Amino acid sequence: MLRIRNLKCYYGRIRAISGVSLSVREQELIALIGANGAGKSTLLQTICGLLPSWEGEIEFEKNSLHGLKPPEIVKKGISLVPEGRLLFPPMSVLDNLKLGAYLRYRQRDHENVGKDLEEVLELFPVLRERSRQAAGTLSGGEQQMLAMGRALMARPRLLLLDEPSMGLAPFLVRLILDVLLKLKERGMTVLLVEQNARAALQIADRGYVLENGQIVLEGLSSDLLADQEVKRAYLGKDYREFYDGRE
Amino acid sequence: MRGLENRNSHMKYALFSLSIVLTGWWVSNPYYLQLLTFIGIYTVLALGLNMLMGYAGQISLGHAAFYGIGAYTTAIATVHWNWPPWLGLLLALGLTAVIAFLIALPMLKLTGYYLGMGTLGFGMIFYILFREWTGFTGGTSGLVGIPPLSIGALTLDTGSGYFYLVWGIVVVCFVICERIVNSRVGRALRAIHDSERAAAAMGVDTSRLKVWVFVLSAVFASLAGFLYAHLVTFISPDSFDFIVSIRIVTMVVIGGMASIWGSLLGASVLTFLPDWLHVFSDYEMVVYGLILMVVMIFLPQGFTRGMLDIYERARSRYSRPSTSPQG
């Protein structure tokens with residue numbers, strides 16, 4: 001569904017991603033893990049067209065995304081849940097959700113938008129209770145749910161999530177990941193960027209490990225969870241386990 | 001739900017129109033009628049800038065330029081070329097839209113202070129143009145003999161005729177703006193205000209929408225300029241200088257950012273205030289500066305919103321023991 005080949009991204013003259021290749025198949029849940037500054041968010045923003053200067057190839061359903069602006073990419077069926085949620089705080093929850101369907105209102109798709117709104121509110125019942133409230137008054141977990149709901153309102157086929165677990169209590173992380181699994185069951189394809197590698201790999205089919213703008217490891221999630229390198233660097237296994245006897 | 005909201009807004013406009021008619025019928029003093037007519041013109045100006053500044057969050061410190069373009073275009077068309085005024089209106093609106101579009105393309109790549117500086121710059125340029133292009137604009141001595149407006153055989157030069165025309169236009173502008181604000185475009189404008197990046201991620205074509213709202217806002221200013229020129233029948237560059245731009249910004253800030261009805265309040269306050277306090281006119285700039293500072297520091301949402309917030313806070317404090325917090 002999504003195929004990236006030899007992608008290089010630049011911030012001015014600084015290269016943030018140097019030659020990444022990855023693929024996401026239909027109805028897969030892919031985890032992209034890596035430390036701060038590895039280039040994870042850059043990668044997602046590039047796919048969404050928010051970062052205009054890149055080289056290489058990004059194909060979505062066999063069509064190149066080169067030179068496309070964000071609205072066109074949203075129209076193609078890719079939605080981003082951005083890092084730090086980027087909600088519109090003074091606007092009501094309902095207005096935030098409606099903004100997610102911005103392009104569909106233009107196509108006079110009101111009836112289906114209404115249906116999807118109902119579906120999103122069913123998926124996140126707490127948003128229904130707060131629908132008239134300003135988005136800025138929600139708690140962190142509710143805001144994350146709103147950001148996800150907003151992205152779903154565009155009726156994407158590929159959902160990109162940038163660190164949805166950031167700053168959330170463990171049970172909320174669980175809740176968010178459960179929703180992702182539910183979406184996957186309904187046929188959604190998901191590319192999940194996470195620092196919380198364990199949680200991400202537990203629900204993902206496959207995973208990629210990004211380091212300094214390059215993919216250093218890839219494979220089935222179960223393999224990655226068992227991998228020594230991954231364990232040491234990302235899963236926070238006890239330091240002792242690896243360095244026993246050397247100190 | 002939607003039906004109810006519609007009925008509410010219909011009621012609101014019916015009441016508003018009724019109060020306009022009653023005011024026009026009740027106020028017979030020509031001086032006050034003219035003052036009220038000016039408020040109407042300023043309301044159109046403030047409303048236009050509010051769409052740009054209050055909703056989309058793009059500041060313009062040069063809106064007097066579009067106000068001036070509207071006034072000068074219709075004045076030149078009617079005085080020099082003997083066009084009928086209504087044709088002058090079309091030319092004014094069209095020309096303003098084109099100029100605003102051309103200015104917006106490079107200008108709206110700027111944000112924040114830089115956008116303020118840029119718009120300030122073109123405001124200055126147009127002021128100098130009005131003053132120095134003597135062959136066309138009459139220079140500092142201005143343009144005299146702009147004909148009054150007429151509809152059919154009805155000449156709108158008496159105070160009440162023009163009053164009804166201006167306020168009729170105000171009502172129409174209110175309806176247009178309210179419809180825009182409550183549509184998907186209005187939501188997108190507010191989204192741009194909060195975060196352009198997030199708005200783009202939602203699929204909003206931010207640069208196009210910003211140019212669009214800039215042009216809309218300029219056309220409103222041009223309409224106000226047209227109404228002004230045919231009301232006073234004499235225009236000079238000083239009516240469109242820097243301080244006028246600041247006055248419009250102050251109206252928006254006092255009335256409240258992102259508040260359609262606030263524009264009416266802001267325009268009223270800033271028209272009545274100098275009239276009631278004659279001392280005020282000498283220190284106009286000082287007072288505007290003070291108002292802007294005080295409102296920005298203490299009531300950043302604008303005067304109306306700030307007052308409402310204070311009221312709501314007070315109410316919830318007094319009623320807390322009896323009612324549940326669920327709102």
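Throughout, a chain's letter reflects where its sequence line sits, starting with A, and its residues are numbered from 1. Only a predicted model underlies this, so the values are computations on that prediction, with no experimental measurement involved.
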Do you know which of [options] has the most heavy-atom pairs with chain A at a distance under 4.5 angstrom?
options: B:Val185, B:Val204, B:Thr206; result: B:Val204
options: B:Gly203, B:Ala199, B:Ala201; result: B:Gly203
options: B:Ser183, B:Ser195, B:Ala188; result: B:Ala188

**OP:** Examine whether an atom of A:Glu72 lies under 4.5 Å from a heavy atom of chain B, and if so say whether it belongs to the side chain, the backbone or both; otherwise answer neither.
**Re:**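 Contact with chain B involves no heavy atom of A:Glu72 at all.
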**OP:** State whether the number of non-hydrogen atoms from other residues, nucleotides or ligands found under 6.0 Å of B:Lys12 atom NZ is greater than 12.
**Re:**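 Buried by this count: over 12 neighbours within 6.0 Å.
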Original post:
Cut-off 3.5 Å, side chains only: do A:Glu194 and A:Ser165 have a donor facing an acceptor?
Top reply: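 The answer is yes; a qualifying pair exists.
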Original post:
So, A:Thr189 versus A:Glu26: side-chain donor-acceptor pair below 3.5 Å or not?
Top reply: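 No, A:Glu26 and A:Thr189 have no side-chain donor paired with an acceptor closer than 3.5 Å.
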Subject >> B:Arg187 to A:Tyr105, cation-pi by 6.0 Å centre distance and 45° axis angle >> reply: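 Yes.
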Residue selection (most heavy-atom pairs with chain B, distance under 4.5 Å) from [options]:
options: A:Lys69, A:Met153, A:Gln45; result: A:Gln45
options: A:Leu50, A:Leu99, A:Leu103, A:Ile78; result: A:Leu99
options: A:Pro71, A:Gly49, A:Ala101; result: A:Pro71

Subject >> is_close_aromatic(B:Tyr13, B:Trp261), centroid dist under 6.0 Å >> reply: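 Aromatic pair counts; centres sit under 6.0 Å.
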